[in-house]
Amino acid sequence: MRFDAAPPPAATPSPVAATRPAAGSPLRLLLAAHPAPAFAVTGMATALGSAAGRTPAGCVLVGAAVLSGQLCIGWSNDVIDMRRDIRAARRDKPLAVGTLAPTHAVAAASAAGALCVPLSLACGLAAGAAHLTGVGAGLAYNAVLKRTRWSWLPYGLAFGLLPAFVTLGLPDRPWPPWWLTTAGALLGMGAHLTNVLPDIDADLAAGVHGLPQRLGRARSRALAVLALLAASVVLVVGPPGGPGPLGWIGLTAAAVLAAAAALPRAQRPDSRLPFLLTLALSALDLTFLLLRGSGLH
């Protein structure tokens, strides 16, 4: 349940830097946790909690649980991928360049995971089970599924369950409406596809054969656009009461953002434009959710 936003650089780290144990600083530890996607997903979950009617304390609890899960997934990802990142010359990865000791990243991931369990369950047994299932899906992606044709499944499952984590913690513990879970799953799938686009060639060279690597860059980009557009349509048309003028305006804006993925700049192998468009579409879709807050349960 995260976006891996770090691009692969061209330079190659020295063997000494790649293997030297380092105490590491808090900043390097934070960089190894993929902070941008971690805080983005945390903010999305917290805002969704507010839209669903959770109390301020409940929103803080939701944010803390989601952040701990995101940090656990981010740190574990870099630990598992450390050798591959060294071979790919990932200068943006503290573990790969030797500025962070692997033992520190392992300890941080373990602590975040241990903290995530009680924080999630404090929101309620059913809500906690939904969130921990999503976190487990993220860890399964890191360890195994990212290298298989099922690489999309953890993203779809985790993002689809995020609304359930929010609503199942409400006093009457309602399951979220179909349009909310469907849109979440579609957003997760679109995020996975766009996130992998710039790294497809390096992933194939390293033996990673997830769904985007199997489809290739052009088909992955097209499928991502379709998934994100479908999420926008579901969020605008799905809730009761009709879209209204703001809904149609928002849907038009989503179509424009999705169409930007066809621009020549977005088709370059090293382009991060598809990832940025994903964030923009996600923000737009979150706006849809906040405007439709009364229909979340």
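For clarity, every value in this text was computed on a predicted model and none was experimentally measured.
- Annotation: side chain of Leu228 is not in contact with side chain of Leu186 (no heavy-atom distance under 4.5 Å).
- Cluster note: Ile80 groups with no other residue, as no ILVMFWY side-chain heavy atom lies under 4.5 Å from it.
- In this structure, Cys116 and Cys72 have side chains that are not in contact, with every pair of non-hydrogen atoms separated by 4.5 Å or more.
- Looking only at side-chain heavy atoms (C-beta outward), Pro174 and Leu168 stay at 4.5 Å or farther from each other.
- Between Ser220 and Val196 the shortest side-chain heavy-atom distance does not fall below 4.5 Å.
- Between Val66 and Thr46 the shortest side-chain heavy-atom distance does not fall below 4.5 Å.
- The shortest side-chain heavy-atom distance between His209 and Thr148 does not fall under the 4.5 Å cut-off.
- Side-chain contact check for Tyr141 versus His192: some heavy-atom pair is nearer than 4.5 Å.
- Using bins of under 30°, 30° to 60° and over 60° for the plane-to-plane angle, the ring pair His131/Phe165 lands in the parallel bin.
- Contact check on Arg147 versus Asp81 returns a salt bridge, with a Lys/Arg side-chain nitrogen under 4.0 Å from an Asp/Glu carboxylate oxygen.
- Here Lys146 does not pair with Asp203 in a salt bridge; the nearest charged N to carboxylate O distance is not below 4.0 Å.
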All N/O donor-acceptor pairs, side-chain side in residues 121-129, below 3.5 Å, sequence neighbours left out:
none

